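Shown next, in structure tokens, is the structure this report addresses.
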Amino acid sequence: MAAEIVEQFSEKHENEGYFDALLETVNEDGRHEHVTSVFEQRRQWKEARANGDEDHPILKAAGDNNEYIDAFLDLIWDWNHIINVRLHKATKTSRLIPTTGMSDMMLMHDQCDKCWSMHGAKWAPDAHLAKKHGGEGAPMVKKYIEYFYMMKLRDVEVEGFYYIVDACLRAKTEACAQDLVVFAIMTAKPWFHTLGEGYFGLAPGRGYENNQESSLLYQIYNQGMISSKVFGVHTHMFNSTEDPSQIRFGGFNKDLFMEGHDMLHVETRAKSSWEIKFNSAGFYTEEVWKGWHALIDPGYPFIALPKQAFEMFKNDLKKAYPDAPVTCSDDEWCYFVSKCSKIIDGMPDLQFTFPTTTGESATYRVPAASFLFDDRDTRTKLDTCHLGVVRQRFSDLDHFVLGSSFMENFYVVFDGKDTNVNRIGLSANPATVSSETKAPSANPEDPSSRGASGSAASLVVGIIATVVFAVFIAAVTTCICIRKRKQDKLQKAKTYFDSLKTEEEGEQIESEASRTDDNPNHFLKSTSETANEKLVGDLL
């Protein structure tokens, strides 16, 4: 039965050293051609137990592949991609957000009253299966972590225990490991809230023994789940059954490169990090930022900027659209009071220039389609277009975070197999990312570049000037009327968005006594029991 269940996902990769993980949308009831619903899993489990099989069928071995794994990933609530991980004989998977900003598998213990997930799921360790690392008398471990919750990077102090567990990734081929060490949060200050049920840390940092060898990435390598400390990500900000998003652990899938693309590599800042330097980055102005660093992270949907860098972006945006109804709120991002379709054609690309290992620079462009997001308020019928470039105000972030909005344009490889340095591989057409060559100007010595008749040219210029002046007068009159209407509309939008301001910033500092609800999502008018996709839609 296990072989049949795994077979439905895709072909097996026999002894090739990697596994693939697909990313897809979670439907309301979990039914999808690539998703086995909870109801179907329970039916299979009951059938297996009726036949005397005590093991859950999803956890049973399903092949000899120990080289790579292509694992399934789901896109939940249009925000985060997740990996489905099943611990021991659980009847449901834990939906963990893969992130390059953490080194541990991070779970929420069922006794954590300051922890919350969109699905209301927490992890209850099985006393017979999950053992505390360091023994039953092991003291709680205190950690200071940064993690993305929706649009914002949060700082939180947590305490909890490391547990030794058996775990399986839901993948094209079965990928299981014994004695993985994971961290379960017991307490959090001020709180630990996530759209998934935890995080699948892929950073090459310090793990449970405060060294790199005990990080989760090194654990799945040392356990033999993969043959190389490499993973490649192919992702979208939308669902596609024809071209699903996926992570390949243990290698990368060149079949998913765009036609004509090859891999260019950038060295990371340190062996313990996936951060890379970019020489410059621009938008309307060719070089808005110089000499910053960036973390490419599949666990974040947008592009996150430190406060100073966001101010630079905001100023450049207003240079590009001095008369447009664009507002950059104190909250987090900028928006236009119009549909994205009306501005997308003239919107500049975001561009990042990286120093490659060949000694040359490569410029990667992110088109507007990847960072513009439509929103329509169902109550006011107001259309807005948000830019997915988000200011971080709850953390002293000192680098950019390039999430799925960036990654969907390039296959990204995280290569940690070298003992001295890590590398990020970005697929691209070498001809399009190299320095652009300007078109040659006309040669003043070439007679063909001169006008044939000076007098004829003067006559044409005079006629054109007269026509242009007449059009200009008419255009100015029209623009004054249009601008007046846009200003009225913008004022209406500002008034409306000001009325929607939440107490989000206050949640970071308000006292427990002043809170009426431990759920910081009270602005969704939801609780952990009633949160649903409609309410998340209200937030957006």
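Just so it is clear, the structure is predicted and the values come from calculations on it, not from any experiment.
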Check: Ser405 side chain, Ile303 main-chain N or O, donor-acceptor pair, under 3.5 Å | no

Please state whether the rings of Phe352 and Trp289 are parallel, tilted or perpendicular, taking 30° and 60° as the class boundaries.
-> parallel

Of all the heavy-atom pairs spanning Trp191 and Val156, show the shortest one and how long it is.
-> O-CG2, 3.3 Å

List the steps and the verdict of side chain to side chain contact (heavy atoms under 4.5 Å, CB included) for Val158 and Ile145.
-> CA-CA 8 Å; Val158 299; Ile145 61 175; 4.2 Å; yes

Leu305 versus Arg391: any side-chain heavy-atom pair under 4.5 Å?
-> no

Is a donor on one side and an acceptor on the other found under 3.5 Å between the side chain of Thr268 and the backbone of Ala270?
-> yes

Hey, are the side chains of Leu107 and Ile185 touching, using non-hydrogen atoms and a 4.5 Å cut-off?
-> no

Side chains of Glu267 and Thr357: closer than 4.5 Å at any heavy-atom pair?
-> yes

Side chain to side chain donor-acceptor pair (under 3.5 Å), paired with His293, selected from Glu275, Lys277, Arg269, His399 | Arg269

Rounded to the nearest 0.5 angstrom, the NE2-CG distance for His265 and Leu426 is 9.0 Å

Could you pull out every donor-acceptor pair under 3.5 Å between side chains of residues 97-104 and any protein atom, sequence neighbours left out?
{"from": "Thr99", "atom 1": "OG1", "to": "Gly101", "atom 2": "N", "distance (Å)": "3.0"}
{"from": "Thr99", "atom 1": "OG1", "to": "Asp297", "atom 2": "OD1", "distance (Å)": "3.4"}
{"from": "Thr99", "atom 1": "OG1", "to": "Asp297", "atom 2": "OD2", "distance (Å)": "2.9"}
{"from": "Thr100", "atom 1": "OG1", "to": "Ile296", "atom 2": "O", "distance (Å)": "2.8"}
{"from": "Ser103", "atom 1": "OG", "to": "Ala203", "atom 2": "O", "distance (Å)": "3.4"}
{"from": "Ser103", "atom 1": "OG", "to": "Gly205", "atom 2": "N", "distance (Å)": "3.2"}
{"from": "Asp104", "atom 1": "OD2", "to": "Lys143", "atom 2": "NZ", "distance (Å)": "3.1"}
{"from": "Asp104", "atom 1": "OD2", "to": "Tyr162", "atom 2": "OH", "distance (Å)": "2.9"}

Does Lys122 reach the side chain of Glu197, with side-chain heavy atoms less than 4.5 Å apart?
-> no

Mark yes when over 12 heavy atoms from residues, nucleotides or ligands other than Glu157 sit less than 6.0 Å from its CD; otherwise mark no.
-> yes

Would you find a donor on one side and an acceptor on the other, under 3.5 Å apart, between the side chain of His236 and the backbone of Asn409?
-> no

Is NZ or CZ of Lys229 both nearer than 6.0 Å to the six-membered ring centre of Tyr218 and within 45° of the ring axis?
-> yes

Residue pairs involving residues 209-219 (criterion salt bridge (charged side-chain N to carboxylate O under 4.0 Å, His left out); sequence neighbours excluded) | none

Kindly assign one of parallel, tilted or perpendicular to the pair Tyr163 and Phe161, based on the angle between their ring planes and the thresholds 30° and 60°.
-> perpendicular

Parallel under 30°, tilted from 30 to 60°, perpendicular over 60°: which one fits the rings of Phe302 and Tyr300?
-> perpendicular

Exercise: identify the closest heavy-atom pair between Val165 and Ala130 | CG1-CB, 4.1 Å

Check whether the side chains of His234 and Asn253 place a donor and an acceptor atom closer than 3.5 Å, and report yes or no.
-> no

Here the gap from Met105 atom CE to Phe200 atom CZ, rounded to the nearest 0.5 Å, amounts to 5.0 Å

Whether Lys271 side chain and Asp418 backbone form a donor-acceptor pair below 3.5 Å = yes

With a cut-off of 6.0 Å (strictly less than), are more than 12 heavy atoms of other residues, nucleotides or ligands near OH of Tyr221?
-> no

Identify the two heavy atoms, one from Phe192 and one from Tyr147, that lie closest to each other, and give their separation to 0.1 Å.
-> CA-OH, 3.4 Å

Taking the inter-plane angle between the rings of Trp123 and His109 on a 0 to 90° scale, is it parallel (under 30°), tilted (30 to 60°) or perpendicular (over 60°)?
-> perpendicular

How about His386 and Phe373: are their ring centres within less than 6.0 Å of each other?
-> no

Looking at OG of Ser215 and OH of Tyr208, how far apart are the two atoms once the value is rounded to the nearest 0.5 Å?
-> 9.5 Å

Checking side-chain contact (heavy atoms from CB on, under 4.5 Å) against Met263, which of Val413, Val412, Ile424 comes through?
-> Val413

Can the ring centroids of Phe278 and Trp292 be said to lie less than 6.0 angstrom from one another?
-> no

Between Leu153 and Gln392, which heavy-atom pair has the shortest distance, and what is it?
-> N-OE1, 2.6 Å

Using the side chain to side chain contact (heavy atoms under 4.5 Å, CB included) rule, take Ile83 and Leu169 through it: C-alpha gap first, then chi angles, then the decisive distance, then the call.
-> CA-CA 7 Å; Ile83 294 177; Leu169 279 171; 2.8 Å; yes

If you round to the nearest 0.5 Å, how far is CG of Leu387 from CH2 of Trp333?
-> 9.0 Å

Test item: Cys334 and Phe310 side chains (from C-beta on) under 4.5 Å apart, heavy atoms | yes

Any side-chain heavy-atom pair of Thr194 and Met108 under 4.5 Å | yes

Do Leu202 and Phe414 pass the side chain to side chain contact (heavy atoms under 4.5 Å, CB included) test, and can you show the C-alpha distance, the side-chain angles, and the key distance before you say yes or no?
-> CA-CA 9 Å; Leu202 293 169; Phe414 299 81; over 6 Å; no

Roughly how far, to the nearest 0.5 Å, is CD1 of Ile226 from NZ of Lys417?
-> 11.5 Å

Does the side chain of Arg423 come within less than 4.5 Å of Val421's, by heavy atoms?
-> yes

Please report the C-alpha distance between His81 and Ser404 in whole Å, then the side-chain angles of each, then the deciding distance to 0.1 Å, and finally whether the side chain to side chain contact (heavy atoms under 4.5 Å, CB included) criterion is met.
-> CA-CA 9 Å; His81 288 105; Ser404 296; 3.5 Å; yes

Please check if the side chain of Glu159 supplies one atom and the backbone of Ala188 the other of a donor-acceptor pair under 3.5 Å.
-> no

Kindly write out the residues that satisfy side chain to side chain donor-acceptor pair (under 3.5 Å) with Glu311, not counting sequence neighbours, or none if the list is empty.
-> Lys314

Counting only N and O atoms by type, is there a donor-acceptor contact under 3.5 Å from the side chain of Ser214 to the main-chain atoms of Asn211?
-> yes

Student check: side-chain heavy atoms of Phe406 and Ser370 closer than 4.5 Å = no

Is it true that atom NZ of Lys132 has more than 12 heavy atoms of other residues, nucleotides or ligands lying nearer than 6.0 Å?
-> yes

How far does CD1 of Ile247 sit from CZ of Phe252, to the nearest 0.5 angstrom?
-> 15.5 Å

